[in-house]
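Data first, discussion second: the structure below is written as structure tokens.
Values in this document were obtained by computation on a predicted structure and should not be read as measured data.
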Amino acid sequence: MFARSPVLNQSGPAEFVFRAFTTVPELQALLFLLFLLLYLMILCGNAAIVWAVRTHSSLHTPMYFFLCNLSFVEISYTTVVVPLMLANLWGARKPIPLAGCGAQMFFFLTLGGADCFLLAIMAYDRYVAICHPLRYTLIMTQKLCVRMVLCALGLALVLSLQLTCLIFTLPFCGHRREINHFLCDVPPVLRLACADIRVHQAVLYVVGILVLTVPFLLICVSYVFIASAILRIRSTEGRRRAFSTCSSHLTVVLLQYGCCSLVYLRPRSSTSEDEDRQIALVYTFVTPLLNPLIYTLRNKDVKGALRNAIASKAASDTR
């Protein structure tokens, strides 16, 4: 499925080129249409959530505030990756300069890190809502919610900036290097370095632990308390409703953290470049698509807000 390209020119300014998924034109066209369709679904689904939350006062709560920010991050996250990926599937592969590769890596890591931190914040929000319902509005104030989102973005930005700067101080062999991936991710770029990368790999593990392991452990602790509180609810309907509010979030968490951990926290000796690329397709397309699908199909408030918005729009157009 994955094809190697011929030896490339080695003169001129340094640049990278992404390895093609396939050299068969029919398969290239099929993949282009598939990825384009998924990308449009991600944009429309997440944009619908942002629009519904911002325009309906009934959704102006901490849970939907965090969901709105998560959807915005998902839109930005996929937009950093997918358009360039589609451009390389449509026609000849386009080289990306060193600076462009560094910029894509920085924004990809920043938005991916913010995504992980927001999922942890949403778990804390569910913990407060279920374990301390009477104090929920006193704890989850608007000021605290905004600060938590800004801290998530700021921490992700600082970590990704330091990691990206560290990686692009390395020398890279040759003029045009082929990346066995569809984006400038850290592991495939590190494989192209012409220097000792043990320190850089150690830093990558530390960043991976801070972005993936620590938030995931906090999510697990939150859900231990949540599960304990749910089991103490006497009515079956109450337990069902409480579990329903958490199961959607937990589904996204397990998929996002599981796939990212396989790429960033596995020992390099046990990883395969092709496996990394295939796993990356999951958190580039599947997770951002699941977010709007799960939260709209299983959430009566969001579905009701979208129905009302569509009905209002249709009524205004017929006047």
Side-chain angles (χ1 to χ4, degrees), residues 46 49 61-74 77 109-133 135-136 139-141 144-160 204-233 239-266 279-280 282-284 286-295 298-299 302:
N46 284 285
I49 289 179
T61 63
M63 182 177 79
Y64 295 112
F65 172 74
F66 295 134
L67 178 59
C68 177
N69 281 276
L70 182 67
S71 294
F72 179 77
V73 168
E74 299 280 23
Y77 174 80
L109 294 175
T110 299
L111 295 166
D115 195 308
C116 292
F117 292 139
L118 282 172
L119 289 173
I121 291 172
M122 292 173 73
Y124 175 74
D125 173 69
R126 292 299 83 209
Y127 158 74
V128 177
I130 293 174
C131 298
H132 305 283
R135 299 174 55 202
Y136 180 73
I139 296 173
M140 300 302 295
T141 62
L144 177 63
C145 293
V146 172
R147 285 178 177 176
M148 292 172 80
V149 170
L150 291 177
C151 286
L153 292 172
L155 181 57
L157 189 149
V158 169
L159 291 173
S160 61
L204 174 60
Y205 284 128
V206 171
V207 172
I209 290 170
L210 293 174
V211 174
L212 297 172
T213 306
V214 173
F216 183 72
L217 290 176
L218 294 175
I219 291 172
C220 290
V221 171
S222 297
Y223 274 102
V224 168
F225 287 106
I226 289 170
S228 176
I230 290 175
L231 292 175
R232 290 197 299 269
I233 298 175
R239 286 196 299 269
R240 188 195 66 79
R241 290 180 60 187
F243 177 75
S244 178
T245 61
C246 300
S247 58
S248 302
H249 174 257
L250 195 56
T251 302
V252 176
V253 164
L254 292 175
L255 192 60
Q256 175 81 2
Y257 282 88
C259 292
C260 290
S261 297
L262 287 175
V263 172
Y264 296 104
L265 296 179
R266 278 193 307 176
I279 294 171
V282 176
Y283 58 75
T284 300
V286 179
T287 306
L289 183 59
L290 275 182
N291 179 45
L293 288 177
I294 289 175
Y295 282 106
R298 300 189 60 183
N299 190 297
V302 176

With a 4.5 Å heavy-atom cut-off, do L109 and L159 have their side chains touching?
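Result no, sub-4.5 Å side-chain heavy-atom pair not found.
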Could you tell me if the side chain of L157 sits less than 4.5 Å from the side chain of L153, heavy atoms only?
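In short, these two side chains do not touch, never coming nearer than 4.5 Å.
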Residues, nucleotides or ligands: over 12 heavy atoms within 6.0 Å of F65 CZ
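Count over threshold, so yes.
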Mark yes when over 12 heavy atoms from residues, nucleotides or ligands other than Y283 sit less than 6.0 Å from its OH; otherwise mark no.
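Buried by this count: over 12 neighbours within 6.0 Å.
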[atom1]/[X] to [atom2]/[Y] distance, rounded to the nearest 0.5 angstrom?
X    : Y    : atom1 : atom2 : result
I121 : C116 : CD1   : SG    : 11.5 Å
D115 : F72  : CG    : CZ    : 13.0 Å
L111 : S160 : CG    : OG    : 8.5 Å
L212 : L265 : CG    : CG    : 5.5 Å
L118 : N69  : CG    : CG    : 6.0 Å
S228 : Y223 : OG    : OH    : 15.0 Å

If I compare all heavy atoms of [X] with all of [Y], which pair ends up nearest, and what's the gap?
X    : Y    : value
V282 : P288 : O-CD, 4.4 Å
T284 : A280 : OG1-O, 2.7 Å
I49  : S71  : CG2-OG, 3.4 Å
A156 : A114 : CB-N, 3.4 Å

Start with the C-alpha gap between I219 and Y257, add the side-chain angles, then the distance that decides, and say whether side-chain contact (heavy atoms from CB on, under 4.5 Å) holds.
CA-CA 11 Å; I219 291 172; Y257 282 88; 3.8 Å; yes
Verify side-chain contact (heavy atoms from CB on, under 4.5 Å) between T141 and C145, making sure each step is shown before the conclusion.
CA-CA 6 Å; T141 62; C145 293; over 6 Å; no
Classify the side-chain pair D125/Y136 by whether it contains a donor and acceptor separated by less than 3.5 Å.
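Note: D125 and Y136 side chains meet the donor-acceptor criterion.
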Could you give me the CA-CA distance, side-chain angles and deciding distance for F117 and M148, then say whether side-chain contact (heavy atoms from CB on, under 4.5 Å) is met?
CA-CA 9 Å; F117 292 139; M148 292 172 80; over 6 Å; no
Hey, mind stepping through M140 and F66 against side-chain contact (heavy atoms from CB on, under 4.5 Å) and telling me if it holds?
CA-CA 11 Å; M140 300 302 295; F66 295 134; 3.7 Å; yes
